[in-house]
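Reading through the structure tokens given below for one structure.
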Amino acid sequence: MTTADALRDWLRHHAPPLPSPSTRNSITGGAVLHGPTVQARDVQGGIHFHTPAERSGPRLPVPRQLPPVRTRLVDREADVRALDALRAGRPSGAPQLMVVSGFAGVGKTTLVSRWLHEQTDSFPDGQLYADLAGHSTEEGSGPVHASTVLEGFLRALGAPSVPADTAQRVALWRSLTAGLRLAVLLDNAYTAAQVRPLLLGASTGLTVVTSRTQLTGLLADGAAVHRLDALTTESAVELLTVGGGGQRVAHDLEAARRVVALCARLPLAICLASAQLAVRPHRSVSALAESLSQGYGPLDALRVDGEAVVRTALDLSYRLLPPESAALYRRAGLLPTDRYDLFMLTAVSAEPAARPDDGTDATDQDDGTAEDARDTGDAGTDEVYAAYAADAEAVDLALGTLVEANLLEETGPGTYRFHDLVRPHARRLGEEESAARRDHTLRRYVDWCLATATSAESILTPSHRTLARDYTRPPVVPTAFVGPADALAWLDTRRDVLMTAVRLCAEREWHTSCWQLADAMWPLVLRLRPTEIWCESHRLGLAAARASESRAGEDRMLTSGAMGLRDAGRHAEAADWYTQALEHATADGDTKQRGQAINGLGHLSLVTGRLDEARAHFKHSLRLWESVGYPRGVALCRRRLGETELEAANFPEAARQLTLAHEELKSIGEEYEAARVLATLGRTLVLDGRPGDGTGKLSQALDAFRGSIARDAHWEARSLTWLGEAAERQGNRDEARRHYEAARDIFRLLTPDEARRMDDRLRRR
């Protein structure tokens, strides 16, 4: 039988029915057929049969290139769940692309490697890994080109030859991986452009990219982004126990918490600290904490083979910044604060004013003597705001780069903070700037503090805003407030920032800025009552006002500071300050200031129980202020007279004086002071046997203290206490308890001693 006969016989028994005559199945001459092929019916053109090439060696193993990971992953369960959710939530049929970003040493590679190891069964065709060296610390090295990575990947997948051209490698990479269930980890990426040629084109594979920058450019490629943060304190302490120091850590948990705080709860830094404990078995955890707190802290202390790895990593991140972002990084590092906003950073980024014709440096004045470099009054002209808008746009772009690089963290709309280990690095670089540049940066920072505190002062206590403010040129634009509540919240959250600025001015002998900043903090100390800040700022301010020979500044520091000393219980010192203020006012013939000092002495007499003396002082101050037409002072004197009669249990006269004071304060728009008087009037009416009228006024005052204009947590708690007393007088014990508990919760945040007294009251009920 011929071959043709055998083929026909086989087809008769095994082939499916032939297609209808209208169906034509042809192979053209350009076709290349690989492997056994059968063509039914007509065969046209030149045909070439190719037998499979024999393999030259054993079949390549499935690539499993992921880095090894430690057996235990500390405190990353939530992050693992987040990665699971991102993978599960991708659109059907879309390529799987994920970016995990975070600060150097936060554990990105460890987390992703561990997660992908646990997903091995989902990727039977392999797991590929490449270190893109986006932040390599090797001398002369840099980001790895995509073409180099592709060559390794293609060979790992068994490509018999790799094209020389990058575009051809990309095409072959996507052809080979089409339909493969493959995971690819691209570690330590630099830019989205470096990553993009390495992306899989099919939905069956997964690409995970880690980077110190956020790689927002990959969002256009469908990337899902997860930012990895530092460990919790508890988990960081747990990680510190690994490596040989476990018993020492357990025996000194307080020192261990200091160590992990100094390490900013970064896994890399904590592991290096743990290694120090391991190699020095007799070293205590307290000694380690002490060594890490010296100099620039863990930046220099944590080393591998003699290299300060944390500092080296940050040095490289810094070197990759564009010039504008690098300059902003240095200047922000110089500032004595841990939080930043666009207004502040725009202020410190301004270039120094040109030198005056006399050759003096415009940044080298100390207290207003260089008038050509000063601007008296509030910053805020149209020209100033126009210049600010142009500068702010450039600063905002530089900020975006720092946030993208994970060197700066955005904590809210327009607010930022450095990572705990980044801040000392930025400070070290800032200190390398020229002395003139450092001086200018800090001057501008003080100006911003003064301008913004003054803006809050103008909103919250406009009657206090009477003294001029001095700024260097060009003037700064203060941080904007949307209303009184926003201004008070800023003062509350920046109290330490402002106090640090006052100390800086005192240290550098910037006398005018020092006392003016203490003066601008008035609504902070008045409403929030931080007595230590109150007393310290005015002590420094008084010395600065005297050094700058500002009589107005000295008198303001004496009277305002004496109130703080009185609140702190330092009555003798407060009396001395008021007496000095009275002597100045008498010598200067300043009737209004005399009234202020005498009123303060009266208040001291009131709080120390000398009611007759207090009454005499207040009546004297009232006559002085009536003589110069000072209605606010008159109303405040009536308030003090009412409080004096309240202490004397002369309730009708107290109510009369307080009612007059409330009406006068309302008539001149003093809503905050009016609310305080209203609360005292309410308490007076309750004690006078009119609980209905009294609780009504107390409730009105409470609403005011919770509102935006007269917000004051201290007076809110005081009003709640008085409402509790009123409820208790009426026999409503449950309502009284609710008021007392609410007051106690507020006092806990403000005055622990008051909170303890409230707890005692609750226990006695």
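Remember, it's a predicted structure, so these values are computed and weren't measured experimentally.
- Proximity of Glu536 to Glu532: side-chain heavy atoms (C-beta onward) are nowhere separated by under 4.5 Å.
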**Request:** Carefully, step by step, assess Arg508 and Asp439 under the rule salt bridge (charged side-chain N to carboxylate O under 4.0 Å, His left out).
**Result:** CA-CA 10 Å; Arg508 290 181 170 252; Asp439 185 79; 3.5 Å; yes
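- Here the side chain of Gln214 pairs no donor or acceptor atom with the backbone of Ser101 at under 3.5 angstrom.
- Remark: the Thr346 side chain and the Asp391 side chain contain no N/O donor-acceptor pair separated by less than 3.5 Å.
- Around the CD atom of Glu410, the shell of radius 6.0 Å holds more than 12 heavy atoms that belong to other residues, nucleotides or ligands.
- Around CD of Glu254, the count of heavy atoms belonging to other residues, nucleotides or ligands within 6.0 Å does not exceed 12.
- Met521 places none of its side-chain heavy atoms less than 4.5 Å from the side chain of Leu491.
- Side chains of Asp187 and Tyr129: a donor-acceptor N/O pair is present below 3.5 angstrom, by distance only.
- Judged purely by atom type and a 3.5 angstrom limit, Arg248 uses its side chain to pair as donor or acceptor with the backbone of Leu277.
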**Request:** Report the C-alpha separation of Asp75 and Glu234 in whole Å, then their side-chain angles, then the decisive distance to 0.1 Å, and conclude whether the side chain to side chain contact (heavy atoms under 4.5 Å, CB included) test is met.
**Result:** CA-CA 9 Å; Asp75 188 32; Glu234 293 75 15; over 6 Å; no
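- When atom types are taken as modelled, the side chain of Glu324 and the backbone of Ala394 share no donor-acceptor pair closer than 3.5 angstrom.
- The shortest distance between side-chain heavy atoms of Arg339 and Arg494 falls below 4.5 Å.
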**Request:** For the pair Arg423 and Asp338, evaluate salt bridge (charged side-chain N to carboxylate O under 4.0 Å, His left out) and give the outcome as yes or no after the intermediate values.
**Result:** CA-CA 8 Å; Arg423 188 179 169 203; Asp338 61 353; 5.2 Å; no
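- In the model, Thr216 has a side-chain atom that pairs as donor or acceptor with a side-chain atom of Glu404 under 3.5 Å.
- With hydrogens and angles disregarded, a donor-acceptor distance shorter than 3.5 Å links the side chain of Ser291 to the backbone of Leu288.
- A salt bridge links Arg469 to Asp519: at least one charged side-chain nitrogen sits closer than 4.0 Å to a carboxylate oxygen.
- In this structure, Val502 and Ile533 have side chains that are not in contact, with every pair of non-hydrogen atoms separated by 4.5 Å or more.
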**Prompt:** So Tyr329 and Phe418, ring pair (Phe, Tyr, Trp, His ring centres under 6.0 Å) or not? Walk me through it.
**Reply:** CA-CA 10 Å; Tyr329 181 79; Phe418 273 133; 5.6 Å; yes
**Request:** Just do the salt bridge (charged side-chain N to carboxylate O under 4.0 Å, His left out) check on Glu433 and Arg331 with the steps written out, would you?
**Result:** CA-CA 9 Å; Glu433 296 243 54; Arg331 289 163 193 172; 3.7 Å; yes
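- In this structure, Glu409 CD and Thr411 OG1 are separated by 7.0 Å, a value rounded to the nearest 0.5 Å.
- A heavy-atom distance below 4.5 Å is found between the side chains of Val237 and Val249.
- Thr452 contributes a side-chain N or O that, together with a main-chain N or O of Trp448, makes up a donor-acceptor pair within less than 3.5 Å.
- Distance alone, capped at 3.5 Å, places no donor-acceptor pair between the Thr210 side chain and the Thr109 backbone.
- Between Glu290 and Arg258, the closest heavy-atom pair is OE1-NH2, 4.1 Å.
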**Stepwise side chain to side chain contact (heavy atoms under 4.5 Å, CB included) test for Leu215 and Tyr190** = CA-CA 8 Å; Leu215 297 184; Tyr190 178 46; over 6 Å; no
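- Between Leu228 and Phe103 there is no side-chain heavy-atom pair separated by less than 4.5 Å.
- For the atom pair Leu66 CG and Leu116 CG, the distance stands at 5.5 Å (nearest 0.5 Å).
- Lys108 NZ to Arg227 CZ: the interatomic distance, rounded to the nearest 0.5 Å, is 10.0 Å.
- For the side chain to side chain contact (heavy atoms under 4.5 Å, CB included) test with Leu185, the passing option among Val112, Thr207, Asp131, Val209 is Val112; the others fail.
- By the 4.5 Å heavy-atom criterion applied to side chains, Leu542 and Trp515 are not counted as neighbours.
- Between the side chains of Arg283 and Gln276, at least one donor N or O lies within less than 3.5 Å of an accepting N or O.
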**Request:** Under the side chain to side chain donor-acceptor pair (under 3.5 Å) rule, what do Ser211 and Thr213 come out as? Steps first, then yes or no, please.
**Result:** CA-CA 5 Å; Ser211 180; Thr213 62; 3.0 Å; yes
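- Proximity of Thr472 to Arg444: side-chain heavy atoms (C-beta onward) are separated by under 4.5 Å at one or more points.
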